Amino acid sequence: GTFTLYVKNLFPTAKIIIFEPVKNNLEMLEKNLNSNPSLNSNITIIPKGLYSQSGNFYIDLSNKQFDAVSLQVDQPGHDEYVTVSAMTFAEAQESYNFSTVDLMKLDIEGAEYVVLKNSIEDISNSVKRLIMEYHPAGAIDKRNELVNNLESHNWELIYENKNILGFGNKKFYNSES
């Protein structure tokens with residue numbers, strides 16, 4: 001919710017769509033938004049994860065920092081997990097009726113690879129700018145995988161810092177933008 005409040009403070013009329021599959025995070029997000037009513041307009045919260053396919057998945061919480069967990073297909077063999085629903089980018093576009101996205105922020109703890117692999121055409125046809133974390137941080141081969149995939153679909157790397165990458169979509173902006 002911090003990024004959402006930051007963006008809404010800079011661009012009060014921005015329409016923001018948030019994917020959040022975890023109930024505790026949803027509650028915290030809603031509390032933060034409700035504490036800032038002047039910034040709480042044009043925000044759609046999708047209580048699902050963004051993933052390469054739709055359905056129910058698992059988040060393993062054992063021995064992990066909560067900001068370092070991701071969706072997985074296989075149910076963990078212990079009780080420290082949550083079950084969450086997910087949908088694809090195309091399904092979200094259809095269900096929540098949005099066509100063009102000015103800025104997409106991906107912080108999906110390792111799922112960025114499968115989301116971009118399976119939704120690259122839909123994302124490339126509708127997202128103007130993309131900022132994302134990649135995981136694990138510092139893994140140059142994983143960074144290169146993402147950059148090569150996006151650059152092969154008409155994206156340009158315009159920002160890089162640690163494990164944060166920013167891209168501009170040449171379909172919407174020429175390389176001078």
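Fair warning: this is a prediction, and the values are worked out from it, not measured in the lab.
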Any side-chain heavy atom of Tyr173 within less than 4.5 Å of one from Arg129?
yes

Side chain Lys8, main chain Ser41, donor-acceptor under 3.5 Å
yes

One pair to check against side-chain contact (heavy atoms from CB on, under 4.5 Å): Ile45 and Leu33. What are the steps and the verdict?
CA-CA 11 Å; Ile45 300 172; Leu33 293 176; 3.8 Å; yes

Might you confirm whether atom CZ of Phe11 has over 12 heavy atoms from other residues, nucleotides or ligands at distances under 6.0 Å?
no

How many angstroms lie between atom CD1 of Ile43 and atom CG of Asn36, to the nearest 0.5 angstrom?
9.0 Å

Among Gln72, Gln75, His78, which residue meets the side chain to side chain donor-acceptor pair (under 3.5 Å) test with Asp60?
His78

So Tyr51 and Thr88, do their side chains get closer than 4.5 Å, heavy atoms only?
no

What do the steps show when you test Met104 against Lys128 for side-chain contact (heavy atoms from CB on, under 4.5 Å), and what is the final call?
CA-CA 8 Å; Met104 180 177 192; Lys128 295 179 181 180; over 6 Å; no

To the closest 0.5 Å, what do you measure between CZ (Phe57) and OG (Ser52)?
6.5 Å

Report the residues that fulfil ring-ring contact (aromatic ring centres under 6.0 Å, His included) with Phe19, sequence neighbours left out, ordered by chain and then residue number.
none

Between Leu116 and His153, does a side-chain contact (heavy atoms from CB on, under 4.5 Å) hold up when you go through it step by step?
CA-CA 11 Å; Leu116 288 173; His153 287 87; over 6 Å; no

Side-chain touch Ile123/Asn169, heavy atoms, less than 4.5 angstrom
no

I'd like to check the side-chain contact (heavy atoms from CB on, under 4.5 Å) partners of Leu10; sequence neighbours left out, ordered by chain and number.
Tyr6

Got a donor-acceptor contact below 3.5 angstrom from the Ser152 side chain to the Asn149 backbone?
yes

Treat each ILVMFWY residue as a node, draw an edge where side-chain heavy atoms are under 4.5 Å apart, and state whether Tyr81 and Ile59 are in one component.
no

Note, Leu157 side chain near Arg143 side chain (heavy atom, < 4.5 Å):
yes

May I ask whether Met28 and Leu39 are part of the same hydrophobic cluster, defined by side-chain heavy atoms of I, L, V, M, F, W, Y residues being less than 4.5 angstrom apart, directly or through others?
no

Does some side-chain heavy atom of Leu106 sit less than 4.5 Å from a side-chain heavy atom of Leu50?
yes

Polar side-chain atom of Asn125 near backbone of Glu121 as donor-acceptor pair, under 3.5 Å
yes

Would a distance-only check, ignoring hydrogens and angles, find a side-chain to backbone donor-acceptor pair under 3.5 Å from Glu112 to Gly110?
yes

Inspect the surroundings of CG in Asn161 and state if more than 12 heavy atoms from other residues, nucleotides or ligands are less than 6.0 Å away.
yes

Distance (rounded to the nearest 0.5 Å) between Tyr58 OH and Asp74 CG
8.5 Å

Verify same cluster id: Val7, Leu5 (apolar side-chain graph, 4.5 Å):
yes

Using the side-chain contact (heavy atoms from CB on, under 4.5 Å) definition, which of the options Val147, Asn144, Leu165 pairs with Tyr134?
Leu165

Test side-chain contact (heavy atoms from CB on, under 4.5 Å) on Val73 and Gln53; report intermediate values, then the result.
CA-CA 10 Å; Val73 174; Gln53 58 192 25; 4.3 Å; yes

Side chains of Lys31 and Glu27: closer than 4.5 Å at any heavy-atom pair?
no

pair Asn40-Asn34: side-chain heavy atoms closer than 4.5 Å
yes

Taking all non-hydrogen atoms of both residues into account, name the closest pair between His135 and Glu133 and its distance.
NE2-OE1, 3.0 Å

Who are the ring-ring contact (aromatic ring centres under 6.0 Å, His included) partners of Phe98, not counting sequence neighbours?
Phe89

I want to check something: taking the side chain as every heavy atom from C-beta on, are Lys171 and Val127 in contact at a cut-off of under 4.5 Å?
no

